[in-house]
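Keep in mind that this is a model prediction, so the values were computed, not measured.
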Amino acid sequence: MQLLNELYKMDKDFTYKGNKTNQISFPLGGIGSGSIGLAGNGRLIDWEIFNRPNKNSYNGFSFFAIKAEHNGEVKVAKVLNGDLHPQYSGTGKGRFSGFGFGVERESLAGFPHFKGTAFKGEYPFGEISFIDDSVPLDVKLTAFNPLIPLNDKDSSIPVAILTYKVTNTSNEQLDISLVGNLSNPFTKKPRNEFRDYGAYKGIKLNSTHYKPEDREFGDLTLSTDAEDVSYQTYWYRGDWFDNLTVFWKEFAAPGKFKERDYNQSGDEAKVSAHNVKDVCLLSAHQSLAPGESGEFRFIISWSFPNYVNFWNPGTHADGTPCDPPSWKNYYATLFEDSVQSAAYVWQELDRLYRESLLFKETLFASTLPDYVVDAVASNISILKSPTCLRLTDGTLYGFEGVHAEEGSCEGTCTHVWNYEQVTPFLFPSLARSMIDVRYKAAMYENGKVAFRLMLPVERTIKDVSDCAGSHRAAADGQMGTIMRVYREWKISGDDEWLKSIWPKVKTSLEYAWNPSNTDWWDQDCDGVMEGVQHHTLDVEIYGPNSYVSGLYQGALRCAAEMAEALGDEAGQKYMALYENGRKWVDEHLFNGEFYHQLVNLQDERFPIDEELGEIKYQIGEGCHIDQVLGQWHAHIVGLGYMYDQAKVKKALESVYRYNFIETIRDYPNACRIYSLNDEQGILISSWPKGNSPKVPVPYADEMMHGFEYQAACHMIYEGMLDEGLRAVKAIRDRYDGERRNPWNELECGSNYVRSMASYSLLLALSGFEYDSLQGHIGFSPKLNAEKFSSFWSLNQGWGKFEHANGTIRLEVNYGQLQLNSFSSDLLQGKKSFEVFVNGAPIPADRSGNVIRFHEGQSLSGSVLAIVLH
């Protein structure tokens, strides 16, 4: 009973305290704009705004501090950080810094600060309460970057917005100074410039050394809309750490700051000679009576327009390296510099905050277990991490994740991005952009699709055939992409978009049996893949298996429906192949407990390891976490069952029975370690009958979150609610703030894309169905059905679905929704119903659990209510 209570609890308290704040880095940035990490104790870390990852970094002395005075006496002077938690020996390998040299000076841990913090994280909002009973102030920071579903422009602004709310808890008037400090990242001819822009005041940091076309060119701006400010365009310039010493003495003294502007004196050489970064200071001032509160709003904005491919610039024919290619970031086409992006945000801040808050509150009001909502929301942050960038035309491009200082596995890799479900529902235009560029730049004439895009994308086929062309196509990625096309079509309802790419979609599908396919996926054209199938575990699987064939059959079924809609008779062939293939899989690949790989490990058609005497890296009779991956996709896109329903459920019961590990402590794992000690989760593969290949598929013993979310969600689709929820909880328990960062799920690097599969939990638990082509939407809650609430989003609108006291409510809070019909299992057993739009009755008919409106409804800022009797 206690376990069930834990599985279904909805405490909705996403607050981390004490050691639970240790690993937090909450990304503040736009989609494809880079981000700054807000640490659990208030530090600004992970400065990933310079067009590359930059984990565990500081930008010099960039921090906030607070001072309180009464009658010219300084009562409080503290950095707005909490205690820094261990370890204290230093990190990294720097000379005269790093391990062995203690805590980094940039952490400001050596200065007076608050004793502790409580970090509340409800993405995209992070809130920090600063705790110190010796301070007569209550200080809370609210930080965010706009996240507004369907509005990709406003969700891509390169800014971090920070609002400090300060309450005077003393019994005397206090003069408050809230001070922002920002380091100029340039050491060559740095220049800081203060300006009063009217609605706000700011200091722009740049360098006069670089030209607009230079890869290093860029700028930052620190700004505030406070009416009463003082500032220093420059901190004191000196040797060693003189600048920090002088800052603190000036800060801790009573009164406002006096300006220091080296632009007037021309003193530039000293900074460059000693490689000491310049720092600016901008202080907002308010006087607060006892019990009174005040807000201090700041924006850090940035613009580094020239993204450079430093990791894979390519080589000339003679083998010499090419100059690294570069292009302009999408955000740089919207905003000329960091001042302009700040100006836009200050002008629109109330709306940006309101719409972002509406999204957050709607999502977090969902009556789902708290860790499920957390899994859905926290992994949306991956879009705001350096994993993602936006090309000049706005196309979304992504690595799989990121290393500490560069991307991990480039190319919007198809078989990794196939798992994510965030972009199609929250930012469908970005999801379509990934499809468009794939077929435009990565497809060969015969239908082979490179599963990694190079940058610039034209290189994928044109310039690097020795790289992309010589590698195999990814069978799972190529077929999964076709299912994604179907999904994006159903979400958007855009026939013209489908028509524009249909010839490419068709050719990529038929590559399965194209004679030029040297991997002979479906050489005999029977709807089952039997050949060499490269897949997401970075090896080839050989022979028939439900894992890749499921995606192939899903692609055939999707293509058949798309062909029919476009009047293409090829759809009849696709449907016949689909029917033949799915029946064959059910009949030949199910062993009574789960679906397996049918392979002879001594088959000489495939490479045999001479010493082992068999093929390496296969699954064989293993119970694989992705064995019914295609069926999971089919549920999400609304295809229904491809395979026998009872067998599918039995297969997932086996995944849970054999692959869910109660404690990993005594389980041998030679692979990467994403779980340890007493942590729980689902393994990639197990061999319950003890007949594992001598060297099985790589990563078999790992727990990788995106795979786990897929399996957990699929369990929920099959009615295995307890099992699915337990698997999700096991993941989020591993990301508790102390062991790992809740906003950085790891796989092959940080901020890993596959974890965005967690959004599918929202779809499964709300029983969400959609078809924008038909103007249809539906909800059939899988838990808390009598009193249920859930966020939803489609191509043109988003809002809330609710059911309580016999009334169904569908709210359109943003955009619009064209609706002809609505369905729900909640109608089952109800004798009658009434339908209202904004309180006015509308005529409708019912067929089973589907209500059809006599006239199509265009809902915008509207409420559709269905009263059940």
Side-chain angles (χ1 to χ4, degrees), residues 415-416 418-419 474-477 479-480 528-530 532-554 585-586 588-601 615-634 642-644 647-661 667 669-672 674 681-715 717-718 720 723-724 727 747 754 757:
H415 50 217
V416 172
N418 274 352
Y419 288 76
D476 57 346
M479 295 300 137
V528 180
M529 283 203 181
E530 298 108 355
V532 180
Q533 303 146 64
H534 186 76
H535 62 102
T536 196
L537 297 178
D538 297 327
V539 291
E540 287 71 49
I541 189 171
Y542 305 115
N545 62 90
S546 63
Y547 161 39
V548 179
S549 277
L551 291 167
Y552 176 39
Q553 286 140 21
V585 167
D586 260 345
H588 295 88
L589 298 184
F590 189 76
N591 65 8
E593 286 192 286
F594 52 86
Y595 293 91
H596 63 103
Q597 175 194 7
L598 192 61
V599 62
N600 175 2
L601 295 178
I615 307 165
K616 294 200 297 183
Y617 309 135
Q618 302 304 292
I619 299 171
E621 280 294 321
C623 183
H624 178 45
I625 193 170
D626 272 356
Q627 61 185 271
V628 280
L629 175 64
Q631 183 61 65
W632 174 66
H633 281 287
M642 299 193 301
Y643 302 135
D644 180 271
K647 291 180 178 178
V648 170
K649 184 173 183 178
K650 183 66 174 178
L652 287 165
E653 288 173 345
S654 296
V655 169
Y656 186 81
R657 176 183 178 186
Y658 296 126
N659 294 29
F660 186 87
I661 303 298
Y667 192 94
N669 173 21
C671 307
R672 298 167 299 187
Y674 299 129
I682 305 178
L683 299 178
I684 294 298
S685 197
S686 67
W687 285 266
K689 302 181 186 301
N691 52 355
S692 167
K694 294 175 182 176
V695 178
V697 64
Y699 319 136
D701 300 319
E702 295 180 8
M703 292 176 181
M704 291 191 279
H705 323 94
F707 296 93
E708 292 179 277
Y709 283 130
Q710 176 276 131
C713 176
H714 199 169
M715 290 174 191
Y717 273 122
E718 302 303 334
M720 300 167 58
E723 295 88 342
E747 191 180 310
R754 203 184 323 254

Mind telling me whether His705 and Tyr674 have parallel, tilted or perpendicular rings, with 30° and 60° as the class edges?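 Rings of Tyr674 and His705: tilted, as their planes differ by 30° to 60°.
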Answer with yes or no whether the side chains of [Y] and [X] bring together a donor and an acceptor at under 3.5 Å.
X	Y	answer
Glu540	Gln533	no
Glu702	Asn669	no
Gln553	Tyr643	yes
Tyr658	Glu593	yes
Tyr552	Asp476	no

Would a line drawn from the ring center of Tyr419 to the ring center of Tyr709 be shorter than 6.0 Å?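 Centroid separation for Tyr419 and Tyr709: 6.0 Å or greater.
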Donor-acceptor pairs under 3.5 angstrom involving side-chain atoms of residues 682-693: please list them, not counting sequence neighbours.
residue : atom : partner : partner atom : Å
Ser686  : OG   : Asn659  : OD1          : 2.5
Trp687  : NE1  : Ile619  : O            : 2.8

What heavy-atom pair brings [X] and [Y] nearest, and what distance separates the two atoms?
X	Y	result
Ser546	Tyr595	OG-CB, 3.1 Å
Ser549	Val585	CB-CG2, 4.3 Å
Cys623	Gln627	SG-NE2, 3.6 Å

Apply side chain to side chain contact (heavy atoms under 4.5 Å, CB included) to the pair Asp538 and Tyr699, showing each step before the final yes or no. CA-CA 9 Å; Asp538 297 327; Tyr699 319 136; 2.6 Å; yes
